[in-house]
Amino acid sequence: ANATLINSIIGALINMLPFIVQEVESLVTPVKNIIAALSANPATNADQLAQLQALDKQVDDAFEVAAAQTDADGASPTT
């Protein structure tokens, strides 16, 4: 039962990732908290943990891309 629930949550996070990227600054902390909580859950099996680690990396990578894009968009031209 726990494995099914955890798989369902992981699937939902994966499906939401494109939307998360759009709102990355406001959502990155809550998503990372969910990932951390599931990762720390003793009911999370090795496959699920691997999925969570991959998802965590995707969130980090998306945040870095968004941050870089924000920095590029807001850069002041040099004179």
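Note that the coordinates shown come from a computational prediction; the quantities given were computed from them, not determined experimentally. If you read the sequence from its start, that first residue is 1, and numbering goes on from there.
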- request: Using the test salt bridge (Lys or Arg N to Asp or Glu O under 4.0 Å), find all partners of Asp47 that sit at least two apart in sequence or belong to another chain.
  value: none

task: Group every Ile, Leu, Val, Met, Phe, Trp and Tyr by side-chain heavy-atom contacts under 4.5 Å, then state whether Val31 and Leu49 land in the same group.
output: no

message: Applying side chain to side chain donor-acceptor pair (under 3.5 Å), can you list everything that pairs with Asn2, at least two apart in sequence or on another chain?
response: none

What side-chain donor-acceptor pairs closer than 3.5 Å can you find for residues 33-44, not counting sequence neighbours?
| from | atom 1 | to | atom 2 | distance (Å) |
| --- | --- | --- | --- | --- |
| Asn33 | ND2 | Thr29 | O | 3.4 |
| Ser39 | OG | Ile35 | O | 2.8 |
| Asn41 | OD1 | Ala43 | N | 2.7 |
| Thr44 | OG1 | Leu38 | O | 2.5 |
| Thr44 | OG1 | Asn41 | O | 3.3 |

All pairs passing salt bridge (Lys or Arg N to Asp or Glu O under 4.0 Å) where residues 8-17 contributes a residue, at least two apart: none

- prompt: Restricting to pairs with a member in residues 26-44, which pass salt bridge (Lys or Arg N to Asp or Glu O under 4.0 Å), not counting sequence neighbours?
  reply: Lys32-Asp56, Lys32-Asp60

statement: In this structure, CG of Leu13 is separated from CD1 of Ile9 (nearest 0.5 Å) by 7.5 Å

- prompt: Of all residues at least two apart in sequence or in a different chain, which pass the side chain to side chain contact (heavy atoms under 4.5 Å, CB included) check with Asn7?
  reply: Gln48, Gln51

